[in-house]
Amino acid sequence: MKLETVKQHFEEQFGSPAGVAFAAPGRVNLIGEHTDYNGSFVFPGAIDKGMMAIIRPNGTDRVRAWSVDYREKVEFSMIEEDLPKASWARYLFGVCLEMIKRGKKPGGFDTAFAGDVPLGAGMSSSAALESVYGYGLNQLFSLDFDLMELARIGQATEHNYVGVKCGIMDQFISLFGKKDHLIRLDTRSMEFTYFPFRPQGYRLVLLDTLVKHELASSAYNKRRQSCEDAARAVRDNGYPHVEFLRDVSMDMLLEVREVISAEDFKRAQYVIEETERVLKVSDALEAEDYRTVGQMMYLTHYGMRDLYEVSCRELDFLNNVALECGVTGSRVMGGGFGGCTINLVEDALYEPFLDRAKEAFTREFGQEPKVYDVLISDGARRLF
Ligand code: GLA
């Protein structure tokens with residue numbers, strides 16, 4: 001999607017001249033999945049795809065928004081009763097309302113936006129949308145939120161206006177991302193470290209199954225509930241310091257095996273193991289040991305498939321093709337229930353792997369998976 005197109009749409013809808021343009025990216029996550037609401041670590045990077053928005057204050061109290069992708073216009077006032085019906089507009093609405101709850105009100109504005117992060121593919125199009133408006137409105141109306149507050153505003157938008165009880169990873173990375181760097185974020189303390197990431201001889205590629213799980217948000221919230229229940233059971237079992245599963249070891253979890261459901265046990269086991277994997281990957285990245293990084297990615301896939309149960313047949317299929325082709329690392333990325341696999345592929349294997357994946361997937365499921373090459377890029381920014 002070109003900025004020119006968004007500009008054209010803006011001018012058609014609202015008349016010239018266009019306002020100020022902002023962009024915010026989607027993300028990949030190398031490892032550390034479903035750990036961010038367990039007080040643990042994640043390892044994301046912003047990508048060279050995301051959302052673009054043109055915003056112009058309109059001197060009223062109302063917002064008039066045009067979605068280029070949906071060819072749809074929505075207008076609202078920034079009051080709870082005016083919650084828009086269109087799901088895309090709830091993200092904008094939520095960001096405005098969450099800003100107001102924090103004591104700072106953006107003025108009314110006209111806006112057009114578009115994305116080149118596919119919706120629902122696990123690349124965080126929704127966080128990109130929250131971030132582009134959080135960042136843009138903050139600048140245009142001099143609201144003086146810092147980036148961390150903007151990330152919280154995006155997260156609260158998901159919780160309160162979309163119904164997904166997400167962690168902080170996606171909004172954080174969309175704002176803090178840096179070119180050629182992944183970030184290891186400790187979601188309890190919110191301390192973070194930039195890790196240079198330009199693996200010589202490897203490429204990161206996403207394969208999109210095009211599967212979108214209808215009930216993904218309720219299934220996501222259910223996983224989170226399981227984690228909180230398991231952590232509470234351990235806390236009540238003589239470990240009062242336990243706040244999150246981050247604080248729980250496998251031995252501590254085994255002590256409550258009879259008390260919690262078999263399902264909650266599996267979910268918690270996955271989170272405990274995933275936390276260990278993220279730490280191993282940190283060390284491996286420092287040593288530029290991509291073999292270990294890749295092995296951990298496969299183990300994450302198996303954990304998400306067998307213990308956390310957020311994979312699906314299409315994702316498992318692509319993961320298996322990667323394994324058969326000798327791809328260094330491959331796994332389901334993001335929340336799961338469809339979307340993409342992330343693959344760390346040696347340059348020489350790139351073409352044969354993609355050919356084989358496309359051919360085998362089409363034979364099995366009747367359509368090609370989509371391929372996204374990603375470059376690790378900067379976070380939210382002003383374009384002009
Ligand atoms: C979604 C959520 C994130 C995170 C991932 C899984 O992307 O928005 O907060 O929980 O799923 O790691």
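Below, all heavy atoms of this structure are taken into account, side chains as well, without hydrogens, waters or symmetry copies. For ligands, and for the atoms within them, numbers begin at 1 and follow the listed sequence. Counting from 1, the numbers follow the sequence of the chain as shown.
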When you check the gap from the basic side-chain N to the acidic O, do Asp61 and Lys105 get nearer than 4.0 Å?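 So Asp61 pairs with Lys105 through a salt bridge.
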Go through the steps to decide whether Arg235 and Asp247 satisfy the test salt bridge (charged side-chain N to carboxylate O under 4.0 Å, His left out), and finish with yes or no. CA-CA 10 Å; Arg235 181 164 59 244; Asp247 307 314; over 6 Å; no
So Arg291 and Glu346, salt bridge (charged side-chain N to carboxylate O under 4.0 Å, His left out) or not? Walk me through it. CA-CA 11 Å; Arg291 291 260 140 231; Glu346 277 177 281; 3.3 Å; yes
Pairs satisfying ring pair (Phe, Tyr, Trp, His ring centres under 6.0 Å), at least one member in residues 244-289, at least two apart: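 Only Tyr270-Tyr308 qualify under ring pair (Phe, Tyr, Trp, His ring centres under 6.0 Å).
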If the condition is side-chain hydrogen bond (donor to acceptor under 3.5 Å, both in side chains), which residues does Ser142 pass it with, not counting sequence neighbours?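 Result, side-chain hydrogen bond (donor to acceptor under 3.5 Å, both in side chains) vs Ser142: none returned.
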Mind listing the side-chain donor-acceptor pairs of residues 38-46 below 3.5 Å, one per line with the distance, residues two or more places apart or on another chain?
from, atom 1, to, atom 2, distance (Å)
Asn38, ND2, His34, O, 2.9
Ser40, OG, Thr275, OG1, 2.8

At a heavy-atom distance under 4.0 Å, which protein residues reach ligand 1? Sort them by chain and number, would you?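 Ligand 1 pocket, heavy atoms under 4.0 Å: Arg27, Glu33, His34, Asp36, Tyr37, Cys166, Gly167, Met169, Asp170, Tyr220, Gly334, Gly335.
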